[in-house]
Undergrad: 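Below are the structure tokens for one structure; questions will follow.
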Amino acid sequence: MRAEEIRLGKTRKSLFKDHVMSILPDGGNLNLCLTCGACASGCPASGIGDMDPRRFLRLAAMGADDEILSSDWAWWCTMCQRCIYACPMKIDIPQLIFNVRASRPREQRPKGIVASCDAALKHDTCSAMGVSEEDWRFVVEDVLDEVRAGQAGFEKLQAPVDKVGAELFLNQNSREPVTEPEEMVPLWKILNLAGADWTYGSKGWAAENYCMFMADDASWEHIIRTKVKAVEDLRCKAWLNTE
Amino acid sequence: MNIELLTLSEVVDVNGQAGNFTVTVRKNPRYIDMDKCIACGICAEKCPKLVKDDYNLGLSRRKAAYIQYGQTIPLKYAIDPETCIFIQKGKGKCLACEKFCPTGAINFKDREQIVTLNVGSVILSPGHKPFDPSVFDFYGYGRIPDVVTGMEYERMLSPGGPLHGHLEQPSNGKTPQNIAWLQCVGSRNTNKSDNGYCSSVCCMYAMKQALITETHIPGGGRQTIFFMDMRCHGKEFELYYNYAKDKNIQFMRARPHTIEAGPGGVGVKMLYSTEDGRKVEEQFDMAVLSIGLEAPRDALDLAEKTGIRLTPYRFAETGDFNPVASSKAGIYIGGSFMGPMNIPSAVAHASSAAACAAADLVSARGTLTRKKTYPPEADLAGQAPKIGVFVCSCGINIAQHVDVTALTEYAKTLPFVAYAENSLFSCSTDAQGMMGKIVKEKGLNRVVIAACSPRTHEPLFQDTLKELGINGYLVEMANIRNQNSWVHQKQPEKATQKAKDQVRMAVAKAGRIFPLAQMEVPVVPRAMVIGGGVTGMTAALKLGDQGYDTVLIEKSDRLGGNAWQLRTTARGEPVRPMLEALIAKVKGHRRIEVLTTARITSATGSVGNFTSDVEADGEVRTFSYGIAVLATGAAESVPVEYLYGQDDRVVTHLQFDRLIADDPDRTASLASAVFIQCVGSRDENRPYCSRLCCTHSVKAAVDLKTQKPDMAVFVLYRDMRTYGLNEDLYKKAREMGVLFIRYDLENKPQVSRDGDRLVVRVTDPVINRKIAIDTDLLVLAAAVVPNDVADLVSIYRCATNQDGFLNEAHPKLRPVDMAADGLFVAGIGGFPKPLEESISQAQAAASRASVILSRDVMYLDAIKSHVTEHCDGCAVCLDACPYQAISIIAYAENGRTAKKVETDKALCKGCGICQAACPKGGILVHGFTIDQLQAQVYAALDLPN
Ligand SMILES: Cc1cc2nc3c(=O)[nH]c(=O)nc-3n(C[C@H](O)[C@H](O)[C@H](O)COP(=O)(O)OP(=O)(O)OC[C@H]3O[C@@H](n4cnc5c(N)ncnc54)[C@H](O)[C@@H]3O)c2cc1C
Ligand code: SF4
Ligand code: SF4
Ligand code: SF4
Ligand code: SF4
């Protein structure tokens with residue numbers, strides 16, 4: 001954290017915090033902080049770069065806008081919501097952080113996240129790893145064949161893709177099909193043993209959404225709409241996202 | 001005698017209006033005949049059905065035939081129909097209790113009864129309900145064995161509780177060494193709970209538990225309290241806080257996020273972030289959740305039946321200027337049903353409710369009261385002492401550390417002792433009955449009670465004797481609890497030996513006591529109220545309304561005191577109109593005489609009959625009266641720091657209130673304002689918290705923000721102490737954008753002038769950053785200091801605490817009585833408090849006072865000095881007597897003039913100083929004569945007298 005004195009008082013500027021409050025229901029309760037520290041105690045990103053959610057909010061309250069807006073910590077937050085869960089005042093720190101992210105010019109946001117979002121926008125699969133529909137179908141069928149052939153008791157294992165009218169539409173993080181395809185199998189087995197009527201889609205199956213994490217609202221919306229359409233096209237009743 | 005207790009009963013309906021209510025009550029069956037039950041406990045012993053004991057929050061078990069706890073009033077057993085085998089399963093089953101009850105008290109034919117009562121006033125005091133922390137899944141309550149609530153922990157610590165005071169970790173039964181308390185669980189929380197208020201009591205109870213824990217663990221162990229603000233806003237609470245810090249209780253300003261079970265499910269583990277942002281992981285043997293208080297479960301139901309309104313928190317709605325009146329005329333509220341509060345406040349509110357209820361019924365006063373009569377006293381003259389010794393176990397309070405059986409046997413061997421026995425609670429109604437029987441049967445004429453303090457219990461035992469026609473002064477007590485078992489918990493053998501010594505001393509004295517006669521003093525049914533602030537006026541009004549002539553004395557030239565300077569109460573009710581109405585009422589009251597620019601200059605006499613000179617406007621008048629209420633108030637201190645007096649932008653609280661009232665345009669034009677809290681409070685010179693300033697500042701900040709929403713407003717504080725429902729205001733201030741910044745005593749804000757700018761510098765502890773605030777106005781929350789009462793202290797021989805606030809007789813049980821009978825204290829002269837609390841105390845004082853004023857005569861204690869034939873008038877005692885009770889008289893003897901002293905029984909307090917001063921045995925204090933004391937000393941040394 002910086003050392004210089006924070007000057008407050010008569011010359012009151014319009015704060016970034018006030019802007020965020022104006023767009024959140026109940027202003028996200030951002031003014032209500034008791035500085036109790038429950039958020040900081042539970043946050044997995046506390047301490048990184050000498051920052052934690054309470055300090056972040058406190059700086060916002062003190063009008064240290066340039067500090068929070070330029071802070072890399074906003075990207076360390078995992079958006080896990082642990083802070084708001086235990087906060088006695090239900091203060092929406094994740095939304096404050098989200099809006100800090102959103103206010104960064106796109107080219108200054110973390111490269112990895114931007115690249116993942118861009119990749120997801122390329123195909124209707126929404127895969128941040130850039131997996132195409134054909135590749136996806138191939139991997140699923142390939143792994144399935146291997147299990148059926150090699151694992152006793154699972155000769156009839158199912159992993160349907162695009163089964164119209166299935167009960168459940170299952171999403172899958174696209175890291176697995178690319179790097180550790182066999183990691184998808186345990187869930188298939190559970191669903192089969194439980195007698196679930198499920199399917200993957202060839203479109204909209206990727207569970208992750210980096211456009212949300214990078215606070216790119218338009219792209220986030222595009223991704224969600226693509227996924228919803230995929231579920232609706234297959235006339236599935238429920239959409240199961242394991243992320 | 002004038003109280004009828006309906007137990008196991010519920011209110012079904014309340015109809016009618018003030019002065020004439022019909023209350024319908026359902027009396028649930030007890031299945032035990034109260035007249036026959038002697039509380040021997042055999043039913044519970046024989047009952048085979050074990051059930052969870054609600055009283056100990058399920059931590060222990062009781063039988064289906066039970067009493068809740070040893071001191072239950074009335075001490076009568078009951079059968080719990082939900083679990084009784086016979087009631088549940090019917091014919092032919094169990095009936096063990098019926099078989100064994102020696103008095104045939106079991107009555108399974110008992111049925112629910114509906115009774116209707118006709119009453120003039122109703123007081124509702126259903127209390128509160130402890131918060132259930134299961135809603136916070138992250139604390140693991142109910143899942144992790146070593147996480148308990150404050151309430152459960154209270155029972156675990158209690159010597160009378162399920163663990164008999166031997167602390168055990170629930171998971172493994174070991175003595176916990178390292179315990180954490182988490183404050184504000186279910187209070188000050190609007191996430192997963194609706195309890196936005198502060199429960200007021202949990203900071204203090206956690207501290208008390210931590211301190212007691214320290215004494216329960218060999219080596220003391222380690223106690224840590226995790227808190228947001230320590231709220232020690234009561235009289236002497238801050239001292240207690242400082243004491244706890246000295247005792248090494250750890251106070252950690254942090255809030256753990258999650259509690260996890262420790263390794264193998266034993267203990268707990270949590271991660272917390274310190275105020276300066278360090279992350280600490282720590283394991284504790286136990287975590288205690290300091291749960292708050294909520295409205296009782298059936299609050300809504302009760303409100304519907306009685307027609308009263310509730311607040312959004314479902315507490316009873318009351319007004320600031322009528323703090324115990326519900327929204328319905330004739331129905332009053334006592335205690336925590338009107339919001340969370342501690343015992344002293346609850347007791348004061350209860351008395352206050354009694355005053356209001358009684359005032360409504362003045363016209364009918366005395367029509368239904370019953371008076372106690374005693375049989376004529378038997379003449380015991382010439383009888384040799386025949387002493388009965390009654391040893392009390394006080395549940396386990398005494399019996400745990402003193403071998404009461406051995407003690408009882410020992411007592412039997414002492415001279416003149418004709419009988420000795422031990423009982424569980426000697427003070428229970430039952431034990432009293434038994435005692436009476438035995439005294440009669442055995443023809444005892446002296447009684448020694450080895451139990452607790454005569455201060456609290458002697459009157460009870462005296463009464464038992466009086467009911468038997470025996471002089472009440474023939475009882476002697478040995479305090480084997482407060483002076484023995486409580487202080488020698490670790491040395492049971494020595495404690496037993498000491499108890500024997502104490503009993504031997506008491507018996508030695510009992511052999512020499514003789515009947516004493518109480519003096520009757522007619523009660524002057526007039527009240528004296530000193531101090532004409534809101535408290536004094538309210539007390540006078542309540543007394544006047546009850547028909548007592550009242551003299552109200554005000555030192556200054558006008559009534560009203562501090563209230564003239566206040567704008568609104570915390571809840572926004574305007575003060576001025578209330579004050580003016582109150583003054584008009586007091587002045588116009590036919591029973592109240594108001595004297596301004598007046599001073600009391602002397603006081604003689606005692607309870608029921610005081611006489612004082614009052615100087616008013618240069619004229620001296622003499623009044624006699626039965627009681628006095630001291631409502632002398634307090635004032636704002638003058639700050640000596642932060643440029644006060646050097647810059648006119650720096651003002652105190654009360655100056656601010658005047659400013660915003662007189663010149664609202666000026667305050668509305670400010671760009672910024674800063675409040676500094678605890679100015680002159682909670683420091684070395686004044687180690688107390690002024691209680692009302694946090695709320696005052698928060699209210700002022702809200703007012704400024706209301707005037708001008710974009711004003712930059714800051715409050716620099718040490719702990720925000722907006723206790724109780726005041727927390728809502730604190731929240732509102734934050735909501736409106738007021739910024740609160742904490743500072744420490746070691747690191748106070750700095751105020752300086754920079755050209756014509758006024759700058760306040762403070763370090764924010766969370767971001768550890770210097771903040772410089774440019775401000776137009778600086779408001780100092782100056783400490784509240786008591787008015788000088790030195791003259792009253794010497795006139796009435798009463799006392800103040802080290803801070804100069806008038807003392808009550810007992811902070812919990814007698815919060816408005818003073819130690820000297822007939823004197824009462826109320827308002828901010830006792831301790832700082834907001835208007836509504838002052839008013840409530842004033843009404844409480846009036847209620848307590850009317851207990852005396854409603855009598856025709858008072859009986860004075862018979863412990864008084866008596867002059868003997870050895871007095872030769874040397875007058876040594878004259879100066880020694882602190883109460884001016886002794887005077888010298890001349891009389892003729894054998895034709896010569898002789899001198900001797902004479903004592904005024906009304907003035908004498910029986911302190912014994914004269915007896916000690918007299919070299920010749922010329923003056924004795926009855927009840928503590930030289931002869932009696934000497935016998936005790938010899939007995940103490942175990943020497944023949
Ligand atoms: C700085 C300050 C801020 C406060 N802020 C608030 C607030 O925001 N909200 C709120 O509700 N309450 C507030 N209060 C408290 C409130 O003023 C009191 O609770 C209320 O006025 C009742 O006071 P009282 O009658 O007990 O004492 P006082 O108002 O002090 O009246 C005592 C009276 O007794 C007279 N007197 C004293 N000694 C003698 C004597 N020997 N003989 C005869 N007369 C004597 C005095 O002249 C005075 O008139 C504040 C008080 C102070 C001091
Ligand atoms: S948990 Fe909530 S109230 Fe506590 S410091 Fe964090 S944001 Fe503030
Ligand atoms: S949402 Fe962000 S700030 Fe809140 S706890 Fe999770 S990582 Fe920390
Ligand atoms: S601040 Fe209030 S609610 Fe919190 S623990 Fe203390 S007294 Fe209870
Ligand atoms: S400002 Fe007053 S009420 Fe608040 S903590 Fe300080 S002394 Fe107590």
Side-chain angles (χ1 to χ4, degrees), chain A residues 1-15 17-18 21 26-27 29-64 67-68 80 82-92, chain B residues 136-139 184 187-193 196 227-229 253-258 270-275 277-280 670-672 674 710-712 714 720 730-731 734-742 757-761 764-776:
Chain A
M1 236 176 301
R2 299 181 202 174
E4 78 264 26
E5 201 170 72
I6 295 181
R7 322 202 102 242
L8 297 171
K10 296 188 192 178
T11 47
R12 200 182 143 84
K13 11 174 203 180
S14 160
L15 304 183
K17 179 206 70 180
D18 296 335
M21 286 182 71
D26 294 327
N29 296 327
L30 296 188
N31 269 349
L32 292 186
C33 180
L34 291 157
T35 66
C36 71
C39 52
S41 299
C43 169
S46 270
I48 301 178
D50 213 13
M51 184 58 73
D52 61 45
R54 170 172 54 177
R55 282 187 167 167
F56 197 86
L57 177 64
R58 196 73 182 153
L59 286 168
M62 297 278 182
E67 275 172 64
I68 56 165
C80 67
R82 276 176 68 88
C83 48
I84 183 171
Y85 191 76
C87 169
M89 293 289 121
K90 207 176 184 177
I91 294 174
D92 204 343
Chain B
F136 301 127
D137 52 359
F138 40 84
Y139 291 148
C184 303
S187 310
R188 307 180 66 189
N189 186 310
T190 45
N191 187 4
K192 302 177 179 64
S193 108
F227 69 101
M228 303 202 277
D229 299 280
R253 201 179 287 273
R255 196 167 177 87
H257 179 282
T258 302
M270 49 208 190
L271 202 65
Y272 60 87
S273 183
T274 58
E275 192 181 32
R278 275 179 306 118
K279 249 192 164 172
V280 181
L670 303 173
S672 57
V674 175
D710 68 349
M711 192 186 301
F714 305 86
M720 279 313 291
Y730 177 29
K731 185 176 181 193
R734 298 197 312 279
E735 209 159 60
M736 294 173 102
V738 176
L739 202 58
F740 290 79
I741 303 175
R742 210 183 67 73
R757 287 167 51 227
L758 185 62
V759 183
V760 183
R761 286 193 167 75
D764 182 275
V766 171
I767 52 177
N768 190 20
R769 199 70 90 68
K770 279 237 171 65
I771 315 285
I773 309 166
D774 206 345
T775 190
D776 288 334

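Computed from a prediction, not measured in an experiment: that's the story for all the values here.
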Undergrad: How many angstroms lie between CG in B:Asp774 and CZ in A:Arg7, if you round to the nearest 0.5 Å?
TA: 7.0 Å

Undergrad: Within the structure provided, determine whether B:Val766 and A:Arg55 are in side-chain contact (heavy-atom separation under 4.5 Å).
TA: yes

Undergrad: Quick check for you: to the nearest 0.5 Å, what is the distance between A:Leu34 atom CG and B:Arg734 atom CZ?
TA: 4.0 Å

Undergrad: Pair B:Ile767, A:Ile6 - check side chain to side chain contact (heavy atoms under 4.5 Å, CB included), show working.
TA: CA-CA 11 Å; B:Ile767 52 177; A:Ile6 295 181; 3.9 Å; yes

Undergrad: Between B:Ala772, B:Cys184, B:Pro256, who has the most heavy-atom pairs with chain A when the cutoff is under 4.5 Å?
TA: B:Ala772

Undergrad: Relative to chain A, which segment of B:Thr274 carries a heavy atom at a distance below 4.5 Å: side chain, backbone, both, or neither?
TA: backbone

Undergrad: Working to the nearest 0.5 angstrom, can you tell me the gap between B:Arg769 CZ and A:Glu67 CD?
TA: 4.0 Å

Undergrad: Going from NZ on A:Lys10 to CE on B:Met711, what distance comes out if it is rounded to the nearest 0.5 angstrom?
TA: 12.0 Å

Undergrad: Using a 4.5 angstrom heavy-atom cutoff, name the option from B:Val759, B:Asp764, B:Val674, B:Val760 with the most pairs to chain A.
TA: B:Asp764

Undergrad: Tell me, side chain or backbone of B:Asp137 under 4.5 Å from chain A's heavy atoms, or both, or neither?
TA: side chain

Undergrad: In terms of heavy-atom pairs under 4.5 Å with chain A, which of B:Lys192, B:Glu275, B:Lys731 leads?
TA: B:Lys192

Undergrad: Verify side chain to side chain contact (heavy atoms under 4.5 Å, CB included) between B:Phe740 and A:Thr35, making sure each step is shown before the conclusion.
TA: CA-CA 9 Å; B:Phe740 290 79; A:Thr35 66; over 6 Å; no

Undergrad: Contact part of B:Phe136 toward chain A, heavy-atom cut-off under 4.5 Å: side chain, backbone, both or neither?
TA: neither

Undergrad: Heavy-atom cut-off 4.5 Å, strictly under: side chain, backbone, both or neither for B:Ile773 against chain A?
TA: both

Undergrad: Please report the closest heavy-atom contact between A:Tyr85 and B:Asn191, naming both atoms and the distance.
TA: O-ND2, 3.3 Å

Undergrad: With only heavy atoms counted, which part of B:Leu670 is less than 4.5 Å from chain A, the side chain, the backbone, both or neither?
TA: neither

Undergrad: Go through A:Met89, A:Arg58, A:Glu4 and name the one with the most non-hydrogen pairs under 4.5 angstrom from chain B.
TA: A:Arg58

Undergrad: Given a strict heavy-atom distance threshold of 4.5 Å, which part of B:Thr775 is in contact with chain A: side chain, backbone, both, or neither?
TA: backbone

Undergrad: Give the member of A:Ser46, A:Ala61, A:Gly42, A:Ala38 that has the highest number of heavy-atom pairs under 4.5 Å with chain B.
TA: A:Ala38

Undergrad: Can you tell which of A:Asp52, A:Leu32, A:Leu30, A:Asp26 has the highest number of heavy-atom pairs within less than 4.5 Å of chain B?
TA: A:Leu32

Undergrad: Indicate the atoms forming the closest heavy-atom contact of A:Gly37 with B:Ser273, along with that distance.
TA: O-CB, 4.3 Å

Undergrad: Pick one of side chain, backbone, both or neither for B:Phe714, based on which atoms fall under 4.5 Å of a heavy atom in chain A.
TA: side chain

Undergrad: Of all of A:Gly47, A:Gly27, A:Cys87, which one pairs up most often with chain B through heavy atoms under 4.5 Å apart?
TA: A:Cys87

Undergrad: For the atom pair SG (A:Cys43) and NE2 (B:His257), what is the distance rounded to the nearest 0.5 Å?
TA: 8.5 Å

Undergrad: Do you know which two heavy atoms are closest between B:Met228 and A:Cys36, and how far apart they sit?
TA: SD-CB, 3.3 Å

Undergrad: Might you work through the side chain to side chain contact (heavy atoms under 4.5 Å, CB included) test for B:Ile741 and A:Met62, ending with a clear yes or no?
TA: CA-CA 10 Å; B:Ile741 303 175; A:Met62 297 278 182; 3.9 Å; yes

Undergrad: Counting only heavy atoms closer than 4.5 Å, note whether B:Arg253 contacts chain A via side chain, backbone, both or neither.
TA: neither

Undergrad: Which atoms of B:Lys279 come close to chain A, meaning under 4.5 Å heavy atom to heavy atom: side chain ones, backbone ones, both, or neither?
TA: side chain

Undergrad: Any idea which of B:Arg761, B:Met270, B:Arg757 has the most non-hydrogen atom pairs under 4.5 angstrom with chain A?
TA: B:Arg761

Undergrad: Given a strict heavy-atom distance threshold of 4.5 Å, which part of B:Arg278 is in contact with chain A: side chain, backbone, both, or neither?
TA: neither

Undergrad: To check you understand the geometry: which heavy-atom pair defines the closest contact between A:Gly9 and B:Ala712, and what is its length?
TA: O-CB, 3.6 Å

